[in-house]
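Notes to accompany the following structure.
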2 protein chains.
Amino acid sequence: MPDSLRRFKAEIFQALAHPTRIAILELLGAGEASAGDLVEKLGIEQANISQHLAVLRSKQLVVNRKAGNQVFYSVRDPILNDVLALMRRYFQNHLQEAYEMLGEMAQAPAESEK
Amino acid sequence: MPDSLRRFKAEIFQALAHPTRIAILELLGAGEASAGDLVEKLGIEQANISQHLAVLRSKQLVVNRKAGNQVFYSVRDPILNDVLALMRRYFQNHLQEAYEMLGEMAQAPAESEK
DNA sequence: ACAGTGTATTCGAAAATTCGAATATTCTAA
DNA sequence: TTAGAATATTCGAATTTTCGAATACACTGT
């Protein structure tokens, strides 16, 4: 496989390599959401969400649709959802280590739980 | 989903987010290989391969087995191969854009082709 | 035209990643 | 024990990523 193709793949993974962007994609997996929805559901700075959306857009992982004031985002290719689903299985298989790797966890309950 | 779990996922993706590490994992998908094999097949500095292997080890994506002088690596969980396979399908779907995104490509033939 | 709401961009500064060079470590064979 | 091969680690500089703050832009209603 050409190295240039691997560079492309690496860029996609790079786009996935941030907790906030994973959260965004998981939310979008359930269907379209506006930028504002994401800000509200994730409890993260508007500017920051917008920056992460810019990353996802630049790698074409999401598409957007403007409706008046708002911009609605969705996952472009359902394969991405499959990838995330596979990863969920992976994490179930290795939850143990996940916890160990993260070390804290026990007392760090994380802000935005559902 | 807890934020800490998303951080863990992001770390896995981060580990996948480098062309050399993708190349390593794709090679290992075909079966065990020694560090030296990887150096030779990828044509990359020994120290650098070793650094990338350290990243993959630290995220537990690979396991290693020492045999005398050498260290043999393999992918720990076959799900990873599935993820990479899914990604290959993704790239086929979007090859067009991949080429556009990479821009150069036409004249950048990449060093290590098969 | 103006104000207000929703979203995007720009600008630093701090943190993380990457690589080659140099050096260590570990094992084997003599 | 010494030499050599295979692999790993450390160091520092260059690059990239990340975030908040400030600002810009776009659309709507009045």
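No hydrogens, no waters, no symmetry mates; every other heavy atom, side chains included, goes into these values. Residue numbers start from 1 in every chain, and the chains themselves are labelled A, B, ... in the order their sequence lines are given, proteins ahead of strands. In this text the structure is predicted, and so the values were computed from the model without any measurement.
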Regarding B:Ala47, tell me which of base, sugar-phosphate or nothing describes its non-hydrogen contacts under 4.0 Å with the strands shown. base
Report which part of the nucleic acid B:Phe72 touches: base, sugar-phosphate, or nothing (heavy-atom distance under 4.0 Å, all strands).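 Answer is nothing: B:Phe72 stays at 4.0 Å or more from every strand.
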Could you run down nucleotides 25-30 of chain C 5' to 3' and tag each one B, S or - for protein heavy-atom contact under 4.0 Å? --BS--
Restricting to side-chain contact (heavy atoms from CB on, under 4.5 Å), what partner residues turn up for A:Val55, sequence neighbours left out?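 Residues passing side-chain contact (heavy atoms from CB on, under 4.5 Å) with A:Val55: A:Ala15, A:Arg21.
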d([atom1], [X]; [atom2], [N]) in whole Å:
X	N	atom1	atom2	result
A:Asn48	C:dT7	CG	P	15 Å
A:Arg7	C:dT18	CZ	P	15 Å
A:His18	C:dA15	NE2	P	15 Å
B:Glu11	C:dT17	CD	P	9 Å
B:Gln46	C:dA22	CD	C1'	12 Å

How would you list, by chain and number, every residue that makes a side chain to side chain donor-acceptor pair (under 3.5 Å) with A:Ser34, sequence neighbours excluded?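 Listed in chain order: A:Asp37.
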A:Val62 and side-chain contact (heavy atoms from CB on, under 4.5 Å): which partner among A:Leu80, A:Ile24, A:Leu28?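 When A:Leu80, A:Ile24, A:Leu28 are each tested with A:Val62, the side-chain contact (heavy atoms from CB on, under 4.5 Å) holds only for A:Leu28.
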For chain B and DNA chain D, what are the first and last nucleotides along the strand, 5' to 3', with at least one atom under 4.0 angstrom from a heavy atom of the protein chain?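 In short, chain B contacts DNA chain D from D:dA5 to D:dT10.
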Need the bend value for the helix from C:dA1-D:dT30 to C:dA30-D:dT1: angle between end axes, 5 pairs each end, nearest 10°.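 For the helix from C:dA1-D:dT30 to C:dA30-D:dT1, the axes at opposite ends meet at about 20°.
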Listed once per pair and sorted, the ring pair (Phe, Tyr, Trp, His ring centres under 6.0 Å) pairs that draw on residues 33-70 of chain B, sequence neighbours left out: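 Listed by first then second residue: B:His18-B:His52.
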